[in-house]
Amino acid sequence: MSQMKFEIPEIELMKSGHVACPGCGASMAMRYALKALGPKTMVVIPACCWAIIDGPNPCSVNGVPVFHCAFETAAITATGIKAGLKRQGKDDISVLAWAGDGGTFDIGLQAISGAAERNEDIIYVCYDNEAYMNTGIQRSSATPWGAWTTTTPVKNPKERPKKDIVDILLAHHIPYVATASVAYPDDFIRKMQKAKSIRGMKFIHVLSPCPPGWKSQAEESVHISRLAVHSNVFPLYEVDDGYRYTISIQPKKVPVRDYLKYQGRFKHLSEEQIELIQQAADRKWDILMKKVEMGELFMQN
Amino acid sequence: MKDALESNNGKPVFAMSVTDMHKNKTGSWRYMRPIYDEKTPPCIKGCPAGERIPQYFALVKEKRYQDAWHLILEDNPLPGVCGRVCYHPCEGVCNRKDFDETIAIHNLERFVADQNVGNSFPQRFFAEKTGKKTAIIGSGPAGLSAAFQLARKGHAVTIYESLAEPGGMLQMGIPKYRLPREVLEKEINDIKSLGVEIITNTEIGKDKPWQELSDTFDSILVATGATKSRPMQIPGEDLEGVSSGLAFLREFNMQHKRDIKKKIVIIGGGNTAIDCARSAIRLGAYVTIIYRRSRHEMPAVPEEIAEAEAEGVKIIYLTNPIEFIGNGKLEKIKLVQMQLGQPDADGRRRPVPIKGSEFEIEADQVMLAIGEVPKLDFLPEGVHEKWGRVDVDAYQMSNNKGVFACGDSANGPIGTVVDAIATGKRAAIAIDSYLTNQETEFVHYGKVVGFNEINLDYFKKEKRVKQNRNNQKEVLSNFNEVHLGISESDALYEAERCFSCGICTYCDTCLIYCPDVAITKAPDGKGYIINYEFCKGCGLCVHECPRNAMTFEEELKWRIV
């Protein structure tokens with residue numbers, strides 16, 4: 001069969017009318033996540049784009065209960081809700097903590113670390129648009145090296161690499177960690193469904209293109225996401241039990257330049273700087289491959 | 001939740017959502033509008049007959065072979081013939097050629113026809129009679145195509161054929177190893193089933209005067225083809241052993257005359273030359289083709305040339321005969337070597353003889369296949385001709401009102417079966433509007449989808465299918481068909497490979513990527529509906545569409561009505 005065919009649940013829980021920007025990756029991600037988890041789901045949203053996208057009180061586009069909580073408390077609020085549901089005997093309801101990169105990498109890190117260490121039975125999805133987009137594109141610790149934001153202007157672009165949140169979560173020895181992309185909805189949905197079936201803490205990191213913040217064209221969102229995967233900037237993989245690494249989509253190894261060129265936030269980069277990003281992506285991939293090998297070695301023993 | 005609302009006069013007791021966002025019509029944000037806009041794939045435009053290739057592939061994918069056949073028939077009543085003998089210009093323009101390999105459209109057409117050998121025309125082809133009568137002179141592909149299209153519109157059609165069997169060049173010219181006659185017979189019988197009458201052994205001007213036709217019929221279509229071999233006009237052409245290639249094919253194909261000599265030389269580089277050569281080699285002759293230009297300029301289908309060479313036909317390029325030598329009977333041919341000079345009117349480089357390069361070869365028989373011209377001496381006075389063909393206008397009509405011409409007997413695209421079918425169809429459309437006094441409506445193709453408009457992220461590289469064929473040694477000892485078509489699994493695989501450029505395949509890509517859940521499936525399952533109340537006009541659906549079946553338009557264009 002030549003053409004990719006999607007196997008996607010028909011159910012649409014998220015409705016039209018939300019206030020995400022045109023071409024928003026986060027809104028696509030929520031749509032897929034709810035398709036995967038179904039109606040028996042509760043969503044916890046801290047301060048982030050989705051706190052707005054969902055609609056003002058008393059409206060909500062998500063066809064499931066949504067609990068808006070404080071910025072740093074997504075993981076602990078989800079923990080509490082899950083405990084309450086359990087107490088009521090409604091353990092079949094999945095609790096989804098849905099936070100941006102700010103609420104995960106920076107402000108909510110302590111709460112997610114705590115929940116992960118206790119191995120709480122929640123699904124934590126970080127939709128990562130690589131800056132504080134909702135408040136006006138300020139840098140976060142998820143902003144990649146060299147990127148423009150309003151607080152890292154072109155004269156002083158970001159000098160530190162993106163924090164490796166997946167490794168941080170893996171250091172907590174939780175049962176399931178995965179990366180996902182809105183360009184591969186079937187892969188994303190499969191990972192969400194798998195997460196739903198696993199007891200304990202699950203963490204899924206979704207790259208979520210942001211046309212205004214990335215200074216990209218709205219229609220390019222999926223294309224850019226796909227290039228992120230194939231340039232090894234954002235490889236898709238999953239880690240079971242903390243050591244079994246599996247690559248989900250084999251990258252076509254396109255140059256990072258192809259990924260960067262669609263985004264105005266990288267427009268100022270020089271050839272040398274692009275080369276550095278290329279080397280970082282290659283290195284990241286090589287390390288990932290070593291981890292895959294190591295996982296296979298453990299499995300044999 | 002209900003309790004909480006009731007306890008406070010319908011207002012929530014705490015900040016709690018009670019409704020969704022359906023009142024927030026985000027469609028007002030939009031300044032660009034995505035629309036479903038199917039475009040022309042290059043194959044459809046590349047096919048002279050305009051067969052709707054991706055559309056019938058879609059039916060093949062659903063294993064609806066009969067429906068696929070009906071769809072091909074709309075444009076071409078001879079898919080079994082074309083699936084075997086067409087030079088498939090559609091494949092030459094296929095966008096897939098720039099990705100991996102062009103789609104085997106030719107093989108798929110044959111596959112669909114072969115799946116329907118036991119089936120007859122659908123009911124919808126049988127129209128109510130209009131009472132108008134058309135005579136068609138010649139039952140070749142052009143005449144048959146026109147007859148089919150006219151009969152489908154309800155006009156009475158009578159075809160006059162000078163030979164004993166209908167089919168024209170398909171019957172007398174094309175060898176059986178390329179086109180088994182039962183395939184042709186089946187498709188002619190299908191056309192006859194519409195009420196088309198074919199009167200054989202009747203040559204207009206000889207067995208029946210023109211006047212009789214013009215008195216009886218409302219319109220006449222000349223579709224006699226080009227059947228007169230062009231002479232070489234060099235010394236020795238009247239020697240015994242010098243004959244026309246087409247005459248050899250006709251006598252062999254229709255009267256089964258097998259008496260040929262041993263050392264045969266064929267002059268020419270077109271399909272007739274190749275057909276003569278491959279037929280003669282099957283009768284045990286040693287065959288040499290003499291062609292005055294190089295292989296690059298050879299008008300025959302490249303696959304045919306390669307097969308002829310594989311079967312042992314020797315081809316001498318850049319050589320031209322200047323004299324046939326013999327004493328009453330052909331013994332030798334005097335040849336001269338050529339070189340290519342400046343391009344001439346048709347763009348091919350003109351061959352120029354090299355002085356002093358003359359040489360001789362031995363031969364018992366020469367077949368001339370340097371082209372054929374129509375025989376139009378039956379036409380009444382006053383019908384304009386141009387380069388020996390009937391001079392027709394854009395509607396295939398000659399200067400004589402009611403007299404139309406198509407195929408090789410008219411000027412316009414000539415030479416191949418599918419061109420004949422295409423002009424036959426065109427003539428039928430024009431005749432229909434002439435008979436019913438209506439505007440003629442030909443198909444106008446819109447924007448053709450280019451390779452760079454295909455979203456390659458959705459396709460992976462795959463090999464093209466290979467047609468099965470008979471054993472090389474066996475095919476040379478008889479006239480059994482060389483190619484055997486493709487299997488069902490290969491056909492399904494190949495149909496699936498098609499990009500379906502510009503034609504929606506209901507792949508759901510637009511629906512799945514819509515961030516605003518504004519796209520839903522149409523109730524009949526064929527197509528999608530965009531909810532413009534909510535579509536923000538991000539353009540993801542248009543950009544991601546694998547096959548460019550959508551267009552992004554400025555919203556203003558839609559707002560000012």
Side-chain angles (χ1 to χ4, degrees), chain A residues 1-8 10 12-32 34-35 53-63 65-68 182-186 189 208-209 211 217-227 229-230 252, chain B residues 1 11-12 14-27 29-32 34 96 100 455 457-462 492-500 505 507-509 511-518 520-521 531 533-544 546-547 552:
Chain A
M1 196 136 63
S2 176
Q3 203 209 316
M4 272 169 49
K5 285 265 160 75
F6 297 105
E7 299 269 335
I8 302 234
E10 295 260 330
E12 296 286 6
L13 287 165
M14 192 184 98
K15 305 272 183 332
S16 306
H18 61 70
V19 294
C21 309
C24 173
S27 56
M28 293 157 77
M30 179 64 96
R31 184 177 166 213
Y32 304 145
L34 293 180
K35 271 173 173 287
I53 294 172
D54 195 32
N57 178 49
C59 307
S60 167
V61 288
N62 289 335
V66 175
F67 193 95
H68 290 275
V182 291
Y184 292 93
D186 31 7
I189 287 173
S208 165
Q217 294 297 318
E219 71 264 29
E220 294 281 1
S221 289
V222 169
H223 187 211
I224 292 175
S225 306
R226 199 178 286 126
L227 286 170
V229 173
H230 289 294
K252 290 177 189 157
Chain B
M1 184 165 129
K11 286 181 202 141
F14 51 85
M16 185 179 81
S17 58
V18 289
T19 179
D20 58 20
M21 294 278 281
H22 70 275
K23 282 189 181 153
N24 186 36
K25 307 293 189 218
T26 50
W29 303 12
R30 188 177 62 242
Y31 58 90
M32 292 291 278
R96 188 99 193 187
D100 43 24
N455 192 341
D457 288 335
Y458 291 88
F459 301 95
K460 59 173 193 278
K461 297 198 173 172
E462 280 167 326
L492 292 169
Y493 162 90
E494 197 67 8
E496 201 70 62
R497 267 183 74 220
C498 172
F499 283 154
S500 188
T505 61
C507 69
D508 287 358
T509 303
L511 180 144
I512 282 161
Y513 284 128
C514 178
D516 293 295
V517 209
T520 45
K521 280 186 193 177
N531 186 348
E533 281 197 325
F534 293 107
C535 168
K536 291 171 186 161
C538 68
L540 262 172
C541 48
V542 180
H543 195 73
E544 287 306 313
R547 53 201 91 256
F552 213 25

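This structure is a prediction, so every number in the text was calculated from the model and none was measured. These values consider heavy atoms only, across backbone and side chains, with no hydrogens, waters or symmetry-generated copies. Lettering follows sequence order; numbering is per chain, from 1.
- Taking every heavy atom of both residues into account, Pro515(B) and His18(A) meet most closely at O-NE2, 2.8 Å.
- Under the side-chain contact (heavy atoms from CB on, under 4.5 Å) rule, Val222(A) has a single partner from Thr509(B), Asp457(B), Leu540(B), which is Leu540(B).
- Counted within 6.0 Å of CZ on Phe67(A), heavy atoms from surrounding residues, nucleotides or ligands total 12 or fewer; the atom is thus considered open.
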Pair Lys15(A), Asp20(B) - check salt bridge (charged side-chain N to carboxylate O under 4.0 Å, His left out), show working.
CA-CA 7 Å; Lys15(A) 305 272 183 332; Asp20(B) 58 20; 5.1 Å; no
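- Shown here are the salt bridge (charged side-chain N to carboxylate O under 4.0 Å, His left out) partners of Glu533(B), two or more places apart in sequence or in another chain: Lys25(B).
- Only the side chain of Lys521(B) comes within less than 4.5 Å of a heavy atom in chain A; its backbone stays farther off.
- Nearest heavy atom pair, residue Glu544(B) against residue His223(A), reads OE2-N, 3.5 Å.
- One finds the CE atom of Met21(B) at 11.0 Å from the CE atom of Met14(A) (value rounded to the nearest 0.5 Å).
- With a 4.5 angstrom heavy-atom cutoff, Cys535(B) does not touch chain A via any of its atoms.
- Ring orientation note: the planes of Tyr32(A) and Tyr513(B) are nearly perpendicular, at an angle over 60° on the 30°/60° scale.
- In this structure, the portion of Asp54(A) lying under 4.5 Å from any heavy atom of chain B is its backbone and not its side chain.
- The candidate with the highest count of non-hydrogen atom pairs below 4.5 Å against chain B, out of Ala218(A), Cys59(A), Gly23(A), is Cys59(A).
- Of the two parts of Val19(A), the backbone and the side chain both hold a non-hydrogen atom closer than 4.5 Å to a non-hydrogen atom of chain B.
- Of the residues considered (Val542(B), Ile512(B), Asn531(B), Leu492(B)), Ile512(B) shows the highest number of contacts with chain A, using heavy-atom pairs under 4.5 Å.
- Applying the ring-ring contact (aromatic ring centres under 6.0 Å, His included) test to His68(A) and every residue at least two apart in sequence or in another chain returns nothing.
- Atom SG of Cys514(B) and atom CD of Glu12(A) lie 9.0 Å apart (nearest 0.5 Å).
- Top candidate by heavy-atom pairs under 4.5 Å with chain B, chosen from Cys24(A), Ser60(A), Gly55(A), Ser27(A), is Ser60(A).
- With a 4.5 Å cut-off on side-chain heavy atoms, Ser16(A) and Thr26(B) do not count as touching.
- Heavy atoms closer than 4.5 Å to chain A are found in both the backbone and the side chain of Leu511(B).
- From His543(B), atom NE2 reaches atom CD of Gln217(A) across 9.5 Å, with rounding to the nearest 0.5 Å.
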